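Below is one structure; the comments refer to it alone.
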Amino acid sequence: MQSRFDLIVIGAGSGGIAAARRAASYGAKVLLVEASRIGGTCVLRGCIPKKLMMYASEFSGIWDEAASFGWSTGAAHFEMGRWTEAKNKELARLEQIYAQMLSSAGVQVLMGHARLAGPRRVEVNGQGLEADRILIASGGAPTSTAFTGIEKAWTSNEILDLDQLPESILVLGAGYIAVEFASILAGLGSQVTMAYRGKLPLRGFDEDLRLLAAESLQRQGVKLEPESQMQELQQTGQGFSLQRSGAASLQAKAALNATGRHPNVSGLGLESRDIELDAAGAIPVDAQSRTKAAGVWAIGDVTNRVNLTPVAIAEGRAFADTEFGSRPRQIEHRNIASAVFCSPPMASVGLTEAQAMEQGPVDVYTSQFRPMKKAFVGSQERSFMKLIVDRGSDRVVGIHMLGGDAPEIMQSLAIAITAGATKSDFDNTMALHPTSAEEFVLMREPARRHG
Ligand code: NDP
């Protein structure tokens, strides 16, 4: 293999792959280095397998619903091992597609652990390589330091690779990963207990959504243990025991550590370029993803800006357009839609009600209803929608939803927010009937006015 490149990318996750391909499309000689498998967290240990598991989980309610619609159905039974096997096959297929795409783009791939080894120099498996530009896209990894014994629990890596569904599980934490897996595992048939230190799950989301997410989890049978001061996770003959201060211990056959992720910087040789980490352990970068070391950039979760796949991809492409395509640009980390794939799912874009109130007078429109399909089968599941409108400009500054198809609906509404749509634009949009999404253009009177 040659040893001089225009660009060496460290990490073949979503961000690294996107940057490498875009740079190569401008004629750059690109080497992509990966220590494990091509695809990274999203494809191999995150978004994709998680969503495939969510699909498996969603079937649990379908048999009962089908009966209400006139179908006769037999007894259904879920086998975790069969799902895992099918998922592994699908991930191998996707990995192959990524490898093929990189090869057709002319990107060279080298398997091994990359380490910065001085200006323009990278070492992989003891081999010295050179590049004018180096891009770190090494992602993140689960954190196992929240309290004593937490390292004994599965992380999101292991939970996606089980042969058997745990009969019962303690989910520790209440962020994206905790809520998604609590909901998915409950749907598949596990007895789930979710212990977390706050009053409500999903800190950072709109308060109404947090409240409704907690109610939905409970409706799914998840036992919530808020305000848990977790002291120690112990392994017992029967499984796990979580010791809490001021409250009884909690037991289950299995435990999932969902207490957060950290930037993956280990063994990167950052000290060789005097790159110091920030308080969160991330690589500090400027708006163009430049680190303080000349010729070294970083994108994605390792920079801990907004830790979402599409953001890493956008940062990677902006870097390549700027450095190799003579199209200097930077990513706006604003109005980024995100979703939590629980049941029903939730999604948001823009400001929460609390954030919007801090910026000036706002009107808040809400709608809560039983969706047609759920009402028909006698389910109590409700959908909730919220529009937050800046009174001065009439611009919609926040949109939130919990209910069927929320992530799909929110992706489209994110365009409206990005385009600066006003409440009048929503009012002037004809409803598409019968849908849930039409409620977003039919809200007339504010539920609350602030300021
Ligand atoms: P989050 O940061 O979302 O949640 C971490 C959870 O762990 C919080 O409930 C936090 O509590 C709790 N926690 C942290 N430290 C401690 C401690 N010492 N003791 C007790 N509890 C603790 O992390 P996740 O791992 O769930 O997700 C990581 C990132 O991955 C997310 O930020 C998101 O960007 C991305 N992601 C996105 C998904 C999506 O888009 N659907 C899905 C999965 C992940 P507290 O809130 O009180 O701090």
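Both counts, for ligands and for their atoms, begin at 1 and track the order of listing. Keep in mind that this is a model prediction, so the values were computed, not measured.
Heavy-atom proximity to K50, at under 4.0 Å, picks out these atoms of ligand 1: 41 (N), 42 (C). Atoms of ligand 1 found under 4.0 Å from any heavy atom of R261 (numbered from 1 in listed order, with element): 25 (O), 28 (C). Those atoms of ligand 1 with a heavy atom of A174 less than 4.0 angstrom away are 6 (C), 8 (C), 9 (O).
T366 and Q368 form no side-chain donor-acceptor contact under 3.5 Å, judged by distance and modelled atom types alone. There is a side-chain donor-acceptor pair under 3.5 Å between S367 and E439.
A cation-pi arrangement is found for R133 relative to F324, the charged atom lying closer than 6.0 Å to the ring centre and inside a 45° cone about the ring normal.
Ligand 1 has a nitrogen or oxygen under 3.5 angstrom from a nitrogen or oxygen of A339. Taking only nitrogen or oxygen atoms, main chain and side chain alike, G175 reaches within less than 3.5 Å of ligand 1. Close N/O approach between I177 and ligand 1 is found [any backbone or side-chain N/O within under 3.5 Å].
Between the side chain of H333 and the main chain of R305, no donor-acceptor pair closer than 3.5 Å is present.
Protein heavy atoms are absent from the space less than 4.0 angstrom from atom 2 (O) of ligand 1.
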Donor-acceptor contacts under 3.5 Å from residues 161-171 side chains, at least two apart:
unit_1, atom_1, unit_2, atom_2, d
D161, OD1, K87, NZ, 3.1
S168, OG, K253, N, 2.9

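Comparing V306, L202, L308, T259 against atom 12 (C) of ligand 1, the shortest heavy-atom distance belongs to T259. Selection from A258, G198, A178, G140 by nearest heavy atom to atom 6 (C) of ligand 1 gives A258.
Aromatic rings of Y55 and F341 (six-membered ring for Trp) have centroids beyond the 6.0 Å cut-off, not under it.
A salt bridge is defined here as a Lys NZ or Arg NE, NH1 or NH2 lying under 4.0 Å from an Asp or Glu carboxylate O, and R382 with E215 fails to meet this definition.
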